[in-house]
**Student:** 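First, the structure itself, so that you have it in front of you.
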There are 2 protein chains.
Amino acid sequence: MTRVAGRGGSPSAPRSADVAQLAGVSRKTVSRVLNNEPYVSDDVRRRVIEAAEKLGYRLNNAARALASGRTRSIGVVALGTAGYGTASLLVAIEKAVRDSGYALRVVNTLDGEPDDIARAVDSLLDQGVDGIIVSEPVIEGEVSVRVDVPVLFLGAPPAFGGPRAVTASVGADLLARAATDHLLDLGHQTVHHLAGPLRWYAARDRVEGWRAALAARGRHQPPLVEGDWSADSGYQAGRKLAADPEVTAVFVSGDDMAIGLIHALTEAGRRVPHDVSVIGFDGNPVFAHVTPPLTTVRQPFDAAAREGLRLLVHAIEKPDTHMPPASDPPVELVVRASTAPPPSSPS
Amino acid sequence: MTRVAGRGGSPSAPRSADVAQLAGVSRKTVSRVLNNEPYVSDDVRRRVIEAAEKLGYRLNNAARALASGRTRSIGVVALGTAGYGTASLLVAIEKAVRDSGYALRVVNTLDGEPDDIARAVDSLLDQGVDGIIVSEPVIEGEVSVRVDVPVLFLGAPPAFGGPRAVTASVGADLLARAATDHLLDLGHQTVHHLAGPLRWYAARDRVEGWRAALAARGRHQPPLVEGDWSADSGYQAGRKLAADPEVTAVFVSGDDMAIGLIHALTEAGRRVPHDVSVIGFDGNPVFAHVTPPLTTVRQPFDAAAREGLRLLVHAIEKPDTHMPPASDPPVELVVRASTAPPPSSPS
DNA sequence: CTGAAAGCGCTAACAC
DNA sequence: GTGTTAGCGCTTTCAG
């Protein structure tokens, strides 16, 4: 009862022994109740919970982690850019992690380079996490860290990553295909593509989807243009594309780039969508209010995060059992006014 | 040497005793070296570091936290919306936290309501953090959690929060004032304001700045309009404002809302900036590429986060010493093309 | 400058 | 159903 401050922590924070004493049980029983373990009588359970509440007891996570070998936390390596896509994905991940009963630790990388990712993973490992999510992996190089916890690669192929790696699709290829098909359905002979940096899996997946859509109808595949996700890079690309009269439809790998592209096109006298149709990628709602309102495909951030987390948690908690692979997330096309039939079309 | 797997963790992860043995020193000395404590000879230091590297030794954070009473981590309560502003702030916070040598734990709230914040703070406390950052506090209600670690309120007045609360300004009032002054300097008789939800401190601070700018020149203060940060709400507000011929200049409390507002204005036949000038708030670079390119003020996310963290870390590490309050972050006006002199002005 | 002993608060294994 | 015992791997205190 007359306990003075612990060596480091706040003065006289109650310990499980205090709860045990007040409830008239052993410490282990307190532990059982607080961990929702079976084989505790309802009466005892109630008493323990009441005692804990009365004391304002809070389980000490460090002690728990030390004793159990599990931190109950998951680390995410995110991209330190505040774009709508990456930010939405992080929000979705946070929710999925929290819903799974884990705590979330975040480390950002500047540009997702393998070295950066390795550093981030390393720092997560230092902190002690039960699992890691790499939210935007890049394709080049190898992440050179020995990892002994499961790692979820969101949107990367299974080949990438070491042992205990799991992957979940964000459905980028399907989304890209739907976007391209939308343009083709409108009557365009072919569709140009402004991609993200090809070092990114996200960018590559979308290129794949675009290629697949074109190939499925036997259409010509124009050379692709590469941007860096920014609106500025979209603008630069747009200036080039505007000079080519063959261009009547462009699928752009991100809403921001699409806005930059439209800017350049308009500036060059090519009206959108009258002369050139443009479809974006992400689904940022603000672009319903620009001129012209941007047609786009909405990324299923929540579904992808939830599904990925299901896999990761499974890998953490039941490493030996098998888990069916994730189903593809839904495709959602948001048709607004930046796409239309081609100019010469008998619409 | 023949140690089998610890009870929980990965098989035979090296412990400090292993490093100590290899380096021929005591465990305490290993601890000293790894914590950069003084009073270790360079020779010993080198030997320990080499041994640690050779073994791939990683300090066990749970044990360290348990023994020291410090987790070396900081928790942030963020807003679970993927807007440019909140996302940028989170990125800035992550960097500042990492640079300070702490790990970052994130809990999002849906809308920043006091209850939500209380829940989030509680979960952070459960996890065990040395300090907490509430990144977007709302004004109503009281956060009803007993907190025994320092809390940083970004952009909230000192009055808010319990003991050990520190606050840092994001300079919202100054920014708002600069935005309003810009419009006034252009020759507008007065400036209307589309605010964010007034439950937010962020929204209120901007209102203050707007009022102050108007008052300083003895201008009429039109009634303010309240949005919810979304472009849609900006559009709704714009439909109302468009009907009022007195409106020639609007300061909008967020870029997205400004885009929605411009949309509505344009739709109603009021040209921007010819008939009505609009200035946003945030500094999202994508809006340099819309029509018209949006004039805005850039929020100093990095400076605010850095400054706030300096204060928080100080409160954590040297609770008894005084720390000078933060200086105001810089004001950066980004003049593009959505603002111009008023229609009747003899420009 | 370095080491020995003690203990942080919890959970795992096993006994009852 | 419940209690006992023994650590998890580190830092702290204090002695040299």
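The chains referred to below are lettered A, B, ... by the order of the sequence lines, with proteins before strands, and numbering in each begins at 1. Model, not experiment: these values are computed from the prediction. Just so you know, these numbers use all the heavy atoms, side chains as well, and skip hydrogens, waters and symmetry mates.
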**Student:** Nearest to the side chain of B:Arg27 - D:dC10, D:dG3, C:dC8?
**Tutor:**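 Nucleotide nearest to B:Arg27's side chain: D:dC10.
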**Student:** Would you say D:dG3 has OP1 or OP2 under 4.0 Å from some side-chain N or O of A:Ser26?
**Tutor:**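 For D:dG3, OP1 or OP2 has a side-chain N or O of A:Ser26 closer than 4.0 Å.
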**Student:** For a quick test of reading the model: is some side-chain N or O of A:Ser31 closer than 4.0 Å to OP1 or OP2 of C:dT11?
**Tutor:**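 Answer is yes, contact under 4.0 Å.
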**Student:** Identify which nucleotide among D:dG7, D:dT2, D:dT11 has an atom closest to any side-chain atom of B:Leu59, counting heavy atoms from C-beta outward.
**Tutor:**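 Between D:dG7, D:dT2, D:dT11, the one nearest the side chain of B:Leu59 would be D:dT11.
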**Student:** Answer yes or no: does a side-chain N or O of A:Ser16 lie under 4.0 Å from OP1 or OP2 of C:dC10?
**Tutor:**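 Indeed, a polar side-chain atom of A:Ser16 lies that close.
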**Student:** Compare the minimum distances between each of D:dG1, C:dG3, D:dG9 and the side chain of B:Ala63, then state the nucleotide with the smallest one.
**Tutor:**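 Among the listed nucleotides, the one closest to the side chain of B:Ala63 is D:dG9.
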**Student:** Looking at B:Thr29, does any N or O in its side chain come under 4.0 Å of the phosphate oxygens OP1/OP2 on C:dG3?
**Tutor:**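 Checking C:dG3 against B:Thr29, a side-chain N or O does come within under 4.0 Å of OP1 or OP2.
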**Student:** Looking at C:dG7, D:dG1, C:dG9, which one has an atom nearest to any side-chain atom of B:Ala67?
**Tutor:**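 Of the options given, the side chain of B:Ala67 lies nearest C:dG7.
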**Student:** Can you find a side chain N or O atom of A:Ser68 that sits less than 4.0 Å from OP1 or OP2 on D:dC8?
**Tutor:**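 No, outside the criterion.
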**Student:** A:Asn61 near the nucleic acid: base, sugar-phosphate alone, or nothing, with a heavy-atom cut-off under 4.0 Å?
**Tutor:**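 Contact class for A:Asn61: none.
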**Student:** Measure from the side-chain heavy atoms of B:Arg64 and tell me the nearest of C:dC1, C:dT11, D:dT11.
**Tutor:**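 Output: D:dT11.
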**Student:** Check the side chains of A:Arg72 and A:Asn61 for a donor-acceptor pair under 3.5 angstrom, ignoring hydrogens and angles.
**Tutor:**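 Note: A:Asn61 and A:Arg72 side chains miss the donor-acceptor criterion.
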**Student:** Report the distance from atom CG of B:Asn60 to atom P of D:dC10, rounded to the nearest whole Å.
**Tutor:**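 Computing the B:Asn60:CG to D:dC10:P distance gives 6 Å.
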**Student:** By nearest atom, which of the nucleotides D:dT2, D:dG9, C:dT11 is closest to the A:Lys28 side chain?
**Tutor:**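 Output: C:dT11.
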**Student:** Counting side-chain heavy atoms from C-beta on, which of C:dT2, D:dG3, C:dC10 comes nearest to B:Arg32?
**Tutor:**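 Taking heavy atoms from C-beta onward, the closest nucleotide is C:dT2.
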**Student:** Between C:dC10, C:dA4, D:dG3, which nucleotide gets closest to the side-chain atoms of A:Val25?
**Tutor:**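 The closest nucleotide is D:dG3.
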**Student:** Side-chain N or O of B:Tyr39 versus OP1/OP2 of D:dG16: is the shortest distance under 4.0 Å?
**Tutor:**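 Looking at the OP1 and OP2 atoms of D:dG16, neither is under 4.0 Å from any side-chain N or O of B:Tyr39.
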**Student:** Out of D:dT11, C:dC1, D:dA6, which nucleotide sits closest to the side chain of B:Asn35?
**Tutor:**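 For B:Asn35, the side-chain atoms sit closest to D:dT11.
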**Student:** Can you see whether A:Arg64 engages A:Asn35 through a side-chain donor-acceptor pair at a distance of less than 3.5 angstrom?
**Tutor:**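 Yes, a side-chain donor-acceptor pair sits under 3.5 Å.
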